[in-house]
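Residue numbering restarts at 1 for every chain, and letters A, B, ... go by the order of the sequence lines.
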Amino acid sequence: MAQKPAIPKGTRDFLPIEVARRNYIFDTIKQSFKNFGFLPIETPSFELSQTLMGKYGEEGDRLIFRILNSGDKQKKADIQALEEGNLPRFANSLSEKALRYDLTVPFARFVVQHQNDLSFPFKRYQIQPVWRADRPQHGRYQEFYQCDADVVGSDSLLYEVDFVQLFDEVLTNLGLPSFTIHINNRKILSGIAEVSGESDRLIDITVALDKLDKIGEEGVIKELTEKGVADSSIEKIKPLLTLSGSTKERIEIMRNYLSTSEIGLKGIEELLFVLDTVEKLGVEKANIVFDVTLARGLNYYTGAIFEVKADGVKMGSICGGGRYDDLTGLFGMPNMSGVGISFGADRIYDVLKELELFPKEVGQGLEVLFVNFGETEQAHCLPLVKDIRKNGISCELYPSKAKMQKQMKYANDIQVKYVAIVGENEIENNIIQLKNMETGEQEEVSVEELIMLVKK
RNA sequence: GAGGUUGUAGCUCAGUAGGUUAGAGCGUCGGAUUGUGGUUCCGAAGGUCGUGGGUUCGAGACCCAUCUUCCUCCCCA
């Protein structure tokens with residue numbers, strides 16, 4: 001055998017049944033996006049490096065797939081930088097383009113570039129693959145789809161409310177029995193940093209807080225110490241690690257805690273508005289939890305932040321999102337607040353598969369297969385097939401005369417709903433033996449009756 | 001980017017302290033059954049043991065490199 005073919009790590013092929021199931025997820029999400037007034041756009045798979053680099057923090061930059069310059073452009077390579085050991089500069093000289101890392105930053109670029117063609121608030125959705133040079137793991141791929149909905153040009157908190165409802169609608173429609181929307185606000189995190197006297201260590205503090213449920217109270221304290229946060233500040237942060245009570249109670253505690261921080265109180269207010277409004281409207285299957293340790297690494301978030309997890313499944317977050325006040329500012333268009341969310345279709349797929357929540361009919365293909373008895377019968381059946389297809393029913397004639405057993409087995413394997421048997425006798429009487437492959441029942445019908453029967 | 005783990009037939013895996021022609025189950029194909037599938041019985045095909053080096057009289061097994069898998073960390077969907 002020749003050397004086995006392979007695909008790069010972190011990528012996958014999809015079988016027909018898998019594509020069908022993925023499309024079911026995409027379609028469900030699209031349906032709700034439309035319901036909420038979002039319209040689709042698309043952007044290129046790759047962007048100029050300068051568009052992406054520096055937008056996701058140091059970690060993010062490392063995970064961006066870069067595209068090697070081709071042809072003569074390779075001559076631009078900065079050999080001097082290589083000799084000096086300046087690898088980033090050397091890499092930049094070799095690569096001017098990169099695969100997109102998410103859909104939000106390209107969207108910000110899109111908004112700035114097309115601002116004259118857009119009406120604000122501008123709402124768009126986008127379902128396209130993104131790439132990350134991450135190490136693959138459970139629920140973690142190098143190529144995966146994001147399903148984003150964003151709105152820019154309004155700082156109204158009603159959009160935060162909308163997105164919470166959108167999470168609820170989509171995941172409920174996909175049949176998830178229980179999931180939790182974690183919600184926090186970057187302003188609260190800024191407030192914490194301010195109150196503890198470490199405003200300039202916002203990122204370090206939030207990253208450490210974010211790990212609470214993983215490394216525990218002591219782990220967080222240890223990490224804070226390592227990052228150089230003063231002991232006196234840690235004492236002020238400590239109480240946050242043991243917050244208990246309902247969401248409302250915890251918010252009240254935080255309100256007191258942040259009483260000297262203007263920005264912190266603003267965050268509390270925003271959070272309360274969103275939670276109260278959502279509560280009045282009601283949700284279906286979502287549990288909504290205020291989580292002061294929720295930080296999210298992406299440093300462009302400035303207001304609300306969301307993260308959704310499926311309950312009872314060992315899987316990272318399946319959705320995320322938040323408000324960013326100045327993403328377009330990075331591309332020269334200030335004062336354009338945006339908020340958006342993202343569904344991780346591939347992780348949702350893994351969750352639905354694990355919980356066996358895909359509807360049975362998803363992925364069912366051919367509806368009627370005609371058995372092939374030979375040339376005469378073939379000639380008789382082909383017009384029937386054509387007729388049935390015209391009525392919107394998927395239909396096919398087995399391509400060659402083979403043993404009936406073989407043809408039936410094929411029908412069984414590809415999960416055909418009905419098998420149509422038309423041999424000498426049936427031609428004579430102008431009928432079709434229609435066998436229901438699920439029940440095994442068989443009846444004699446005309447073409448018209450067949451169409452009626454299969455259609456319902 | 002750090003550490004660990006995995007790779008043997010299409011799939012899931014055996015393969016003892018290195019020793020003849022590398023096994024099983026499932027699947028595939030053929031037959032029992034020339035107009036009836038998912039069950040049964042019989043038979044067959046299918047592997048330079050991830051790849052490249054090395055040690056050895058001899059390597060699927062040992063060593064090195066590389067790719068891949070899964071996991072922990074980092075980070076994230």
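Residue contacts shown for A:Ile318 are limited to sugar-phosphate atoms, with no base heavy atom under 4.0 Å away. If you check every strand for non-hydrogen atoms under 4.0 Å, A:Lys314 touches sugar and phosphate atoms only. The residue A:Gly440 sits close to a base: some heavy atom pair falls under 4.0 Å. Residue contacts for A:Gly10: at a heavy-atom cut-off of 4.0 Å it reaches the sugar-phosphate backbone alone, with no base atom in range. Residue A:Lys403 is classed as a sugar-phosphate contact, given heavy-atom separations below 4.0 Å to backbone atoms only.
Look at A:Gln137 and you'll find a side-chain N or O under 4.0 angstrom from OP1 or OP2 of B:U72. Close to B:U28, at under 4.0 Å from its OP1 or OP2, lies a side-chain N or O of A:Lys409. Residue A:Lys211 places at least one side-chain N or O under 4.0 Å from the OP1 or OP2 atom of B:C74.
Look at CG on A:Asp134: it is 13 Å from P on B:U69, rounded to the nearest Å.
Across B:A77, B:C71, B:U69, the shortest atom-to-atom separation from the side chain of A:Ser317 is found for B:A77. The listed nucleotides are B:G37, B:C75, B:C76; the one nearest the side chain of A:Arg347 is B:C76.
Comparing B:U40 with B:G47, their C1' atoms are spaced 30 Å from each other, to the whole Å. For the C1' atoms, the distance linking B:A45 with B:G31 amounts to 14 Å, nearest Å. Across the P atoms, B:G30 and B:G38 are found 14 Å apart, a figure rounded to whole Å.
Geometrically, A:Arg347 does not engage A:Phe144 in a cation-pi contact, judged by NZ or CZ lying under 6.0 Å from the ring centre and within 45° of the ring axis.
Under 3.5 Å, the side chain of A:Glu426 and the base of B:G35 form at least one donor-acceptor pair of N or O atoms.
Of the nucleotides present, B:A44 is the one that pairs with B:U28 by Watson-Crick or G-U wobble criteria, both distances under 3.5 Å. When both pairing distances are held under 3.5 Å, B:U51 makes a Watson-Crick or G-U pair with B:A65.
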